[in-house]
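In what follows, a structure is listed as structure tokens, so that the remarks can point back to it.
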Amino acid sequence: MSPTAFQKCIDPQCGATYSVDEILVACPRCGNLLDVQYDWEKMSPPKNLSHFEQYWSQRNIPQRFSGVWRFHELLPFTELENCLTVGEGQTILRESEGVARFTGMKSGNLFLQYEGMNPSGSFKDNGMVAATTHAKLVGAKSAACASTGNTSASLALYCSCIGWMKAIIFIGSGKIAYGKLSQALDYGAMTLQIHGDFDDAMARVKEVSKELGIYLVNSVNPFRLEGQKTIMFRILEALRWNVPDWIVVPGGNLGNSSAFGKAFHELKMLGLISKIPRLAVINAAGADTLYRLYEQEGIRWNGGSPDRTRINAFFEQMNRENRHASTIASAIEINRPVNLEKCLRALEWCDGVVRQVTDQQILDAKAQVGACGFGCEPASAASVAGTKVLREEGIIQPDERVVCVLTGHQLKDPTATVAYHSGDKQKFEETLAVRGVTQAEYANHPLQVENDVDDIIAAIREIDN
Ligand code: F0G
């Protein structure tokens, strides 16, 4: 592998380094998270971001077609020819007039980054292609993850495409949207439904993969986050290399926010951008660990010394109260985010803020995203709901440029969408009212009509009026 890349503990007091040939999901010395780092001085990183435009005309080379590997020089942990690809990262940044209006932004200043356009329908493919590339280099034969659905769909897809690695997925029982479960089953992954929630599945998969020597692809895997940096590179590319003022992203296990912070930190360090955008991480109110710790308890990365005593006390209290995450945005129904410290670091690098939004706010925002573009799954809409909150608070100014990352495809979770729009009282009660959602202000109800041409025509005329 690349002699100039290595793994390094994120704790500056430890700072232990390891070869990229090692399979690690935590620092063997102190237990903290690891980064993939590069000896940039021994490499020749690009001098400017327009450097990457030369690859636009090389789309016949699979790695140059990939929206991840066409930025290879910014994640060079192995040579380009070793990099696997299934064509991930063909995603789009769209300006949205309607969502700008909904969130209180000036027209032309609100952008949506549609990561649902990836092969498995979520942003996870950006990271999974990097993790499976690393898995191949270290000779892994099976890979596992705990998942709220999208990581498992992505792992299952990569394993079914590449053919030489078995996917083993751990999911909380009843905690996964059907679109995502159906993907894992269809792609042939071994699927284990654990009697518990995501946090339980995450704890078990760590134990089991260690015991059985299975390659773990959750976002504690530092190679995954290298791939996820490229979401930010594509946003810059779409904005003609101009840096937006804000990146707004939903927060679950906090891998994305961590990767985004690292991406901008590195770009700034390499002199490729002159400013770092501010980062807003949006929790669901029913899964708001980061919000509580960062905004209420005032916990900060603090140059690598976050107050671990208070963080531990927070989780101990959560245990005592037997508190479990609960939100309609099942993708981010997580109370014990594994990348907490990396995310705190990203918030420091990006002068970040954290907000929480209710399931009502999420579903209203989701209906607006759908009505004004390609749509998204509930968790993704947290970014739009959060932008509206930050705009109302005056933290985001109407003439700033804001990019909301839409992390997953609209078809991932049809249950929530149909319950919101259908007007079916029972569905609304069972799916939404139980979560405190009281209204569907932006619902687009289907009409019930007789099987009769005259009745159908009359109904259409009535709607037109
Ligand atoms: N949005 C979607 C659609 C997701 O699937 C996830 C995470 C997130 C946001 C949160 O991202 O974890 O990087 O903060 N889904 C994981 C999974 C946990 O298992 O699919 P994060």
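We count residues from 1, following the sequence as given. Order of listing sets the numbers, starting from 1, for every ligand and every atom in it.
For ligand 1, none of its N or O atoms has an N or O atom of G251 under 3.5 Å away. Residue E377 places no N or O, backbone or side chain, under 3.5 Å from any N or O of ligand 1. Remark: ligand 1 and G252 share an N or O pair separated by less than 3.5 Å (distance only, no angle test). Looking at ligand 1, you won't find any N or O of Q228 less than 3.5 Å from one of its N or O atoms. The shortest N or O to N or O distance between S147 and ligand 1 is below 3.5 Å. The shortest N or O to N or O distance between N253 and ligand 1 is below 3.5 Å. Residue-to-ligand polar distances keep S257 apart from ligand 1: every N/O pair is separated by 3.5 Å or more.
Evaluation of the side chain to side chain donor-acceptor pair (under 3.5 Å) rule for N109 yields no partner, not counting sequence neighbours.
Taking the six-membered ring for Trp and the full ring otherwise, the centers of F102 and Y442 sit less than 6.0 Å from each other.
No side-chain donor-acceptor contact under 3.5 Å links N118 and E88.
K124 NZ, 2.9 Å is the protein heavy atom nearest to atom 15 (N) of ligand 1.
Cation-pi geometry between R204 and F170 is not met at under 6.0 angstrom from the ring centre and within 45 degrees of the axis.
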